[in-house]
Amino acid sequence: MAKTPTVFIDGEAGTTGLQIRERLAANPHVALRSIAPDRRKDAGARREMMEEVDLVILCLPDDAAKESAALAASLGAKAPKLLDASTAHRVDPTWAYGLAELTPDQPAAIAAAQNVSNPGCYPTGAILMLRPLVEAGIMAADHPITVNAVSGYTGGGKSMVAAYEARTAPDFEMYGLGLHHKHLPELQKYSLLSRRPIFVPAVADYAQGMLDAIPLHLDMLEKRVTPAEIEALLAARYAGSEYVRVVPAEGNGKIEPQALNGTNGLEIRVFGDAALGQAVLVARFDNLGKGASGAAVQNLGLMLGIPVNASLPVATPHAAE
Ligand SMILES: NC(=O)C1=CN([C@@H]2O[C@H](COP(=O)(O)OP(=O)(O)OC[C@H]3O[C@@H](n4cnc5c(N)ncnc54)[C@H](OP(=O)(O)O)[C@@H]3O)[C@@H](O)[C@H]2O)C=CC1
Ligand SMILES: CC(=O)N[C@@H](CCC(=O)OP(=O)(O)O)C(=O)O
């Protein structure tokens, strides 16, 4: 019988690490290994662990992730596969970008790669909406794009969770208004945009759930299309996808961010008015699901060639439409 692959989660006690652990705990196709809590930041202990396992998931701040990647590289041929949840390697051409729905070839690229970078939460939704429009020649690569977004406070990791739980953080806050948010390089690169987008994120007083919203003036696009035609193009692009769904934008022009919490799902809607020539593309997903830990488990399944459940064992969607 083939050996069960072994996995070490470096940063397993953090927000992303804990959720990955929860998704893998009952999976009989993978064996999780841990370092004693008091040695978890000890480079020697981490290097020894890396030598033993088949794959390491880095759930660490960027600098610590770079340090871990260097430790793995120092093992040469004995280096495990790496899956990095941080921002450190997302536009590094020697790492595969772990967004399986990016192109039809991406799952195979992730499966074959030694090192995979898990995407940023906000770029995941925006890239999946923009790239098919650029590839189809509907949107020019230099089209001026703005991405407006909101995240639950778990997106800021343990320190932001603590600030919200202590009631010392604002109920709602826009940020990134210096226009240098760390997600911009990957958002621009994988959306195939030549013009730097404007990104306006916000965080609010709820734990989990994300919306990315992209307003479009349709007469400024390369080809005249209606909101329904954009919806049809995206629906055809993601037909058959296990996790990404294009959903009719019914209702009263409202959407809340928490309905997919606990799952690895991502929904795309095209709100719009053909007569006005305007549309707003909206992606909804769990920042800790398809935005982080769910995507990581989906990638781990591809990298190890094993079946996985990328959603939590008991997904707890927060609200119905
Ligand atoms: N939260 C989210 O929605 C998302 C997060 N990410 C990324 O995942 C990574 C982890 O984020 P998140 O889980 O939110 O962060 P947290 O702050 O919740 O967790 C980080 C963990 O890393 C540990 N750690 C810090 N430095 C070291 C070190 N030198 N060696 C070993 N362990 C260390 C921390 O331990 P201790 O607490 O003891 O210091 C903590 O357990 C980040 O790079 C983030 O950008 C990616 C997508 C979304
Ligand atoms: C609400 C909040 O602060 N969110 C974080 C993004 C989440 C994160 O740090 O993770 P990834 O870069 O790995 O996606 C931020 O805007 O910096």
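Note that ligands are numbered from 1 as they come in the structure, with each ligand's atoms numbered from 1 the same way.
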**Salt-bridge contact Lys3-Asp54 (side-chain N to carboxylate O under 4.0 Å)** = yes
**Prompt:** Is it true that Arg46 and Glu67 make a salt bridge, defined as a side-chain N closer than 4.0 Å to a carboxylate O?
**Reply:** yes
**Request:** May I ask you to check whether over 12 heavy atoms, not counting those of Glu242, lie within 6.0 Å of atom CD?
**Result:** no
**Item:** More than 12 heavy atoms of other groups within 6.0 Å of His217 NE2
**Value:** no
For ligand 1, which atoms sit closer than 4.0 Å to a heavy atom of [X]?
{"X": "Ala85", "value": "6 (N), 7 (C), 8 (O), 46 (C)"}
{"X": "Asn287", "value": "3 (O)"}
{"X": "Gly155", "value": "1 (N), 2 (C), 3 (O)"}
{"X": "Ala64", "value": "28 (C), 29 (N)"}
{"X": "Leu288", "value": "1 (N), 2 (C), 3 (O)"}

Side chain or backbone, does [X] bring an N or O within less than 3.5 Å of an N or O on ligand 1?
{"X": "Gly291", "value": "no"}
{"X": "Cys121", "value": "no"}
{"X": "Thr16", "value": "yes"}
{"X": "Ser159", "value": "no"}
{"X": "Glu67", "value": "no"}

Give the residue and atom name of whichever protein heavy atom lies nearest to [atom], and the separation in Å to one decimal.
{"atom": "atom 48 (C) of ligand 1", "value": "Ala292 CB, 3.4 Å"}
{"atom": "atom 18 (O) of ligand 1", "value": "Thr15 OG1, 2.6 Å"}
{"atom": "atom 15 (O) of ligand 1", "value": "Gly157 CA, 4.0 Å"}
{"atom": "atom 25 (C) of ligand 1", "value": "Pro61 CD, 3.5 Å"}
{"atom": "atom 1 (N) of ligand 1", "value": "Thr154 O, 3.0 Å"}

My understanding is that we take every heavy atom of each candidate and find the minimum distance to [atom]. Doing that for [options], which one comes out nearest?
{"atom": "atom 37 (O) of ligand 1", "options": "Lys41, Arg40, Lys158", "answer": "Lys158"}
{"atom": "atom 22 (O) of ligand 1", "options": "Gly14, Ala45, Cys59", "answer": "Cys59"}
{"atom": "atom 32 (N) of ligand 1", "options": "Thr124, Leu60, Asn118, Asp84", "answer": "Leu60"}

**Request:** Assess Lys182 for proximity to ligand 1: is some non-hydrogen atom of it under 4.0 Å away?
**Result:** yes
**Request:** State if Arg46 counts as touching ligand 1 under the rule of any non-hydrogen atom under 4.0 Å.
**Result:** yes
**Fill in**
Using a 4.5 Å side-chain heavy-atom cut-off and chaining through intermediate ILVMFWY residues, the residues clustered with Met220 come out as none
Interatomic spacing from [atom1] in [X] to [atom2] in [Y] - rounded to 0.5 Å:
{"X": "Leu133", "Y": "His143", "atom1": "CG", "atom2": "NE2", "result": "9.5 Å"}
{"X": "Gln278", "Y": "Leu218", "atom1": "CD", "atom2": "CG", "result": "8.0 Å"}
{"X": "Ile198", "Y": "His181", "atom1": "CD1", "atom2": "NE2", "result": "15.0 Å"}
{"X": "Glu229", "Y": "Leu234", "atom1": "CD", "atom2": "CG", "result": "12.0 Å"}
{"X": "Leu211", "Y": "Glu267", "atom1": "CG", "atom2": "CD", "result": "10.5 Å"}

**Message:** Students often mix this up, so state it plainly: with edges at 30° and 60°, are the rings of Tyr175 and Tyr122 parallel, tilted or perpendicular?
**Reply:** tilted
**Item:** No-hydrogen, no-angle side-chain donor-acceptor test under 3.5 Å, Thr103 and Asp105
**Value:** no
**Prompt:** Any side chain to side chain donor-acceptor pair (under 3.5 Å) pairs touching residues 290-303, not counting sequence neighbours?
**Reply:** Glu101-Lys290, Glu101-Gln298, Asn118-Asn299, Asn264-Gln298, Lys290-Gln298
**Item:** Within residues 185-199 or reaching into it, pairs that qualify as side chain to side chain donor-acceptor pair (under 3.5 Å) - sequence neighbours excluded
**Value:** Arg90-Glu186, Tyr97-Glu186
**Item:** Non-hydrogen protein atom less than 4.0 angstrom from atom 34 (C) of ligand 1
**Value:** no
**Item:** Any donor-acceptor N/O pair, Asn115 side chain to Trp95 backbone, under 3.5 Å
**Value:** no
**Request:** For ligand 2, list the protein residues that place a heavy atom within a distance below 4.0 Å of one of its atoms, sorted by chain and number.
**Result:** Ala85, Thr87, Arg90, Gly120, Cys121, Tyr122, Ser151, Gly155, Gly156, Met160, Tyr175, His181, Lys182, His183, Val203
**Prompt:** Does the pair Asn27 and Asn309 meet the rule for a side-chain contact (heavy atoms from CB on, under 4.5 Å), with working shown?
**Reply:** CA-CA 8 Å; Asn27 189 327; Asn309 180 2; over 6 Å; no
